[in-house]
Each structure stands twice: as structure tokens, then as C-alpha cells.
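Both ligands and their constituent atoms are indexed starting at 1 by order of listing. Bear in mind that the values here come from a model prediction, so they are computed numbers and not experimental data. We number each residue from 1, following the sequence as shown.
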Amino acid sequence: MTLSADAETALVAAARAAALNAYAPYSDYSVGAALLFEDGAVITGCNVENASYGLALCAETVAVAKALGEGRRGGLVAVAVTGPADKGAKGTRGAPITPCGRCRQVLNEIAQLGSTDPIVLCVGTTRTERVRLSDLLPRAFGPANLA
Ligand code: THU
């Protein structure tokens, strides 16, 4: 499935809106994620940190937990991830961010349940990179292995 320009714009806007709710007082690094499903539903998440730093939950993981918790078992067609505009080493400020390794695995869980290979929109301030989840996490281990 290719994503229309309108659908992409809406998904990015949803991820940016989700990032406004980020609870990131320790890293000051707000992340938003938005998941698009085959039926048009969008489920969002933001990162949620904790005074016990290592317990931080990433935006993508929160979004996937919400989706699974609402009964979704597949149908994931696209994901948008936004990072902060004012962070990044010299020359990379506001550059698109890709999901961390754990989030790739968590995204793979719900994707593989429905046999989709979602397009991941890595959203920066001036450009967006589009990459398949299977390119971010090749040869993934998932629920199919345990069937
Ligand atoms: N973070 C995400 O929410 N998603 C990622 O894919 C990478 C990192 C969050 C975790 C933490 O709250 C903050 O960004 C800094 O690492």
C-alpha cells in the first residue's frame, strides 16, 4: 500500500500533536508516534519517562501498547515518528529520527500479526525519510516463529 500525500500529512500531524503530551522531564527529548491502520484508525503515543530513569517508555512502544490494548492484532500500514526540533549534534539538528532497536521489535510484533510491512515515516523538521520496517529490522524474530 502506498500512502497518499494527505494521509501522510495527517499522520505526521498526529505524531507531532502526540509529542506535545510527552512526559520527558529528564531527557527534555519529546517524541511522538502515530500508527495508521488499514481501517483508517490512527493511534498515537508519546514517550513517558520515570524518576527511575531506566523505566522510560518510548513513544512507539506506548502507541503499540495502546493499539494492542484496544484489541488490534495487525493491520498496521504506516508509522510516523517525530523528534524534537532543537536537539541533535552539530549538523544533525532536527534531523529525522528512526525508532530505537526495542521499538523496532515492538512494532514488528503488531505488524507481523497482520502480515504487513509498514512504512515508517521518520520525520525531521525539514524532511521526512520513508523506510520499511523490514529494512529497519531485517530477519526479525516475531510471533510467526512461535506459531
Ligand atoms: N525515545 C522514543 O520515544 N523513541 C525512540 O525511538 C527513541 C527514544 C525517547 C526515550 C526517552 O524518553 C527519550 O526519547 C530520550 O532517549
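- In summary, the atoms of ligand 1 found under 4.0 Å from a heavy atom of Ser27, numbered by their order in the structure, are 13 (C), 15 (C).
- When the heavy atoms of Cys58, Gly83, Gly101 are ranked by distance to atom 1 (N) of ligand 1, first place goes to Cys58.
- When distances from atom 12 (O) of ligand 1 to the protein are checked, a heavy atom turns up under 4.0 Å.
- Given atom 9 (C) of ligand 1, the protein heavy atom at minimum distance is Asn47 ND2, 3.6 Å.
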Could you give me the CA-CA distance, side-chain angles and deciding distance for Asn108 and Phe141, then say whether side-chain contact (heavy atoms from CB on, under 4.5 Å) is met? CA-CA 8 Å; Asn108 177 69; Phe141 179 88; over 6 Å; no
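- Taken together through direct or relayed side-chain contacts under 4.5 Å among Ile, Leu, Val, Met, Phe, Trp and Tyr, Val31 and Leu136 form part of one hydrophobic cluster.
- Ranking protein heavy atoms by distance to atom 6 (O) of ligand 1, first place goes to Glu60 OE2, 2.7 Å.
- Applying the 4.0 Å criterion to heavy atoms of Glu49 picks out, from ligand 1, the atoms 11 (C), 12 (O), 13 (C).
- Of the possible polar contacts, none joining the Glu129 side chain to the Gly124 backbone as a donor-acceptor pair under 3.5 Å is found.
- Remark: the backbone N or O of Tyr26 is paired with a side-chain donor or acceptor of Glu49 at under 3.5 angstrom.
- Among protein heavy atoms, atom 3 (O) of ligand 1 sits closest to Ala59 N, 2.9 Å.
- In this structure, Leu107 is not a member of the same hydrophobic cluster as Leu36, with clusters built from ILVMFWY side-chain heavy atoms closer than 4.5 Å.
- Follow the hydrophobic side-chain contacts under 4.5 Å out from Val42 and you never reach Val62; the two are in separate clusters.
- One hydrophobic cluster, built from ILVMFWY side chains closer than 4.5 Å, holds both Val120 and Ile110.
- Ligand 1 places these atoms under 4.0 Å from at least one heavy atom of Pro99: 6 (O).
- Protein heavy atom nearest atom 16 (O) of ligand 1, with residue, atom name and distance: Tyr29 CD2, 4.8 Å.
- The shortest N or O to N or O distance between Cys100 and ligand 1 is below 3.5 Å.
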